[in-house]
Structures are given as C-alpha cells and as structure tokens.
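Pasting a structure here, questions to come.
Residue numbering restarts at 1 for every chain, and letters A, B, ... go by the order of the sequence lines.
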Protein chains: 2
Amino acid sequence: MNPQDRTYKDKKVISIGTVSELTGLTLRQIRYYEERKLISPYRNERGTRKYSFTDIETLMDIADKREDGVQTTEILREMRLKEKKRESEKDLKKRMLQGQLNAQFKLGRGN
Amino acid sequence: MNPQDRTYKDKKVISIGTVSELTGLTLRQIRYYEERKLISPYRNERGTRKYSFTDIETLMDIADKREDGVQTTEILREMRLKEKKRESEKDLKKRMLQGQLNAQFKLGRGN
DNA sequence: CGTGTAAGGAATTCTGACACG
DNA sequence: CGTGTAAGGAATTCTGACACG
C-alpha cells in the first residue's frame with residue numbers, strides 16, 4: 001500500500017456511533033473490546049473516542065471470532081502472534097536486502 | 001492509487017467537528033461551502049453531516065483560495081474545470097489503449 | 001458575499017454500576 | 001466472561017434568523 005494512503009487508513013477520526021453502524025457491534029461491545037486491549041482508539045480533548053479504518057477492520061475480525069465462541073483473551077493472543085509474524089517477516093526482508101547490498105559491495109571491490 | 005484504498009479516502013464517516021479541527025475552518029464556514037455546492041457531505045438517518053478525507057482535502061484547497069480572496073463562485077468554476085480536465089485525460093487514455101488493442105488484433109490476424 | 005452569534009431542541013458520548021449467567 | 005440497561009451530565013449538531021459590511 002502507498003505510504004500516503006496509510007495516513008488515511010490509520011487516522012483516528014471516526015466516532016463510536018459510526019463505528020457501531022459500520023461494524024454492527026453495539027457501543028457496549030466496542031468499549032468492552034477496548035477494555036480488553038483489543039483496540040485503542042484515540043481520545044480527543046473532550047475524551048471522545050476516535051477510531052481509524054484499521055480499527056474497524058480489527059473489530060470486524062473480532063466480531064467473527066466472537067461468533068465462533070473465541071474469548072477476548074484468546075483473540076488478543078492471536079493478534080499478538082500475527083503482529084510478531086509480520087515483524088519477523090519484515091526483519092527477514094531487511095536482512096535479505098542487506099545481504100544483497102553486501103554482495104554487491106564485494107563484487108564492486110573485486111573488480 | 002489502489003482502488004481498495006479509494007473506498008477509505010472517499011468514505012463519508014467523519015463528523016463536522018472533527019473536520020473543523022482538521023481543516024481549521026469553523027462549522028459555519030464548512031456549512032456555508034456546502035450551501036455554495038463546493039462539497040456535499042453524506043447525511044445519516046438523523047441528518048448529521050458525514051465527510052470523507054477527500055472532502056477534507058477539498059476544504060483545505062478552498063481555505064487556501066479564500067485566503068487569496070477568491071470567491072466561492074469562482075472556486076466552484078475552477079473545481080468544475082479541473083473535473084472536466086480529468087475526464088478528458090481519462091478519455092484520452094482509454095482511446096489510446098483501444099488503439100493499442102486494435103493494432104494488436106490486426107497483427108494477430110495478419111500472422 | 002462570507003461569517004459570527006444566540007436560540008432551542010434532539011441525539012451523542014462518557015463513566016460507573018447493577019444485572020444475568 | 002461478555003453484554004444489556006438505566007442514570008446523569010456534558011458536549012455536539014441541526015436549522016432558521018438577525019447582524020455586519
């Protein structure tokens with residue numbers, strides 16, 4: 001995804017009522033999932049919660065899993081696992097790129 | 001831009017208070033620019049205005065022009081001109097692509 | 001023309017709590 | 001554990017209008 005677009009996807013500007021409409025979850029449920037650390041909305045000066053499109057996607061994932069009877073603790077575990085996986089993949093890519101660069105450097109020096 | 005991302009950029013989900021914070025415009029100004037047809041927010045069941053990130057970008061353009069003393073009527077004209085330009089460029093691309101395809105077809109038939 | 005403001009009403013959001021299971 | 005609900009207060013949003021220039 002274009003880095004410019006990420007700023008939109010991650011920008012926390014949507015109020016809880018709209019999130020409720022978009023996800024089909026009740027306000028109570030949305031607030032509860034925050035209490036269980038599954039999401040962390042931004043709070044404006046007044047204390048009103050503001051969500052991003054990413055938060056909404058996360059909530060829809062949560063809704064699916066809850067329907068399957070998965071508990072919030074378990075959902076949190078899964079989310080953290082996926083986070084780690086993404087990080088290690090990113091790390092792998094970085095190391096591969098570094099390897100490429102090193103090889104290039106040696107070749108350049110060899111000639 | 002990725003078509004998937006457009007759905008976020010154009011999704012009208014942001015309330016006027018947040019738009020005001022993001023653009024620095026007053027509620028009065030934002031509503032007035034709507035009256036002058038410069039933007040058209042979505043209205044939910046209750047009648048509350050909802051804006052997209054695209055609307056916000058448009059509003060920031062408007063703010064710049066207003067600062068330069070450009071009147072809303074003139075801004076509207078400019079916006080419509082740009083819209084037409086985009087459309088004719090799109091049209092040109094479409095016709096060029098069609099030309100490419102026709103050429104390919106003739107070549108294929110020729111062999 | 002573009003923007004401010006006071007007015008009155010209706011819907012939103014927040015928190016802490018009790019309830020049920 | 002996950003969710004519903006009533007409670008009270010504070011801030012939001014809406015419209016139509018008068019004001020100024």
Determine whether a donor-acceptor pair (one donor, one acceptor, N or O, separation below 3.5 Å) exists between the side chain of A:Arg49 and the base of C:dT13. no

Measure the distance from CG on B:Leu59 to P on C:dG2 and round it to the nearest whole Å. 15 Å

By nearest-heavy-atom nucleotide on DNA chain C, the more 5' of A:Tyr51 and B:Leu27 is B:Leu27

Check the phosphate of C:dT12 against A:Ser15, side-chain N and O only, distance under 4.0 Å to OP1 or OP2. Yes or no? no

Does this structure show an ion pair linking B:Arg80 with B:Glu83, if we count only N-O contacts that are shorter than 4.0 Å? no

Side chain proximity check, A:Thr18 to A:Leu22, heavy atoms < 4.5 angstrom: yes

Check ion pair B:Glu78-B:Lys65 (N to O, under 4.0 angstrom): yes

Taking N and O atoms by type only, does the side chain of B:Arg46 place a donor or acceptor under 3.5 Å from a partner on the base of C:dT12? no

DNA chain C in dot-bracket form (Watson-Crick or G-U pairs under 3.5 Å, [ ] crossing, | inter-strand) is .||||.||.|.|.||.||||.

Select one nucleotide: of C:dT12, D:dT15, D:dG4, the one nearest the side-chain heavy atoms of B:Arg31. D:dT15

Side-chain N or O of A:Thr48 closer than 4.0 Å to phosphate OP1/OP2 of D:dA11: no

Does a donor on one side chain and an acceptor on the other come within less than 3.5 Å for A:Thr58 and A:Asp55? no

Out of C:dA17, C:dG2, C:dC14, which has the shortest distance to the side chain of B:Arg36? C:dG2

Min side-chain heavy-atom separation A:Thr72-A:Glu35 under 4.5 Å: no

From CG of B:Asn44 over to P of C:dA10, roughly how many Å is that when rounded to an integer? 17 Å

Could you check how far CD of A:Glu45 sits from P of C:dC14, rounded to whole Å? 13 Å

May I ask you to decide if A:Ile16's main-chain N or O and A:Ser20's side chain share a donor-acceptor pair within less than 3.5 Å? no

Determine: side-chain N/O of A:Tyr33 to OP1/OP2 of D:dT3, distance under 4.0 Å, yes or no. yes

Contact list for residues 38-50 of chain B, test salt bridge (Lys or Arg N to Asp or Glu O under 4.0 Å), sequence neighbours left out: B:Glu34-B:Arg43, B:Glu34-B:Arg49

Whole-Å distance separating the CD atom of B:Glu35 from the P atom of C:dT3: 11 Å

Answer yes if the side chains of B:Tyr32 and B:Arg28 hold a donor-acceptor pair under 3.5 Å, and no otherwise. no

I need the CZ-C1' distance between B:Arg28 and C:dA6, as an integer number of Å. 13 Å

In whole angstroms, how far is the P atom of C:dT13 from the CD atom of A:Glu34? 14 Å

As a test of reading the structure: which of C:dC14, D:dA17, C:dT13 is closest to the side chain of A:Arg43, going by heavy atoms? C:dC14

Compare the minimum distances between each of C:dA10, C:dG4, D:dA10 and the side chain of B:Gln29, then state the nucleotide with the smallest one. C:dG4

Whole Å only: how far is the CD atom of B:Glu21 from the P atom of D:dA11? 14 Å

For DNA chain C, determine which residues of residues 62-78 of chain B have any heavy atom closer than 4.0 angstrom to one of its atoms, and list them numerically. B:Arg66, B:Gln71, B:Thr72

Quick one: does A:Asp10's side chain get under 4.5 Å of A:Phe53's, heavy atoms only? no

Could you tell me whether the side chains of B:Ser88 and B:Asp91 share a donor-acceptor contact shorter than 3.5 Å? no

Can you tell me which nucleotide in D:dG2, C:dT3, C:dA10 comes closest to the side chain of B:Tyr32? C:dT3

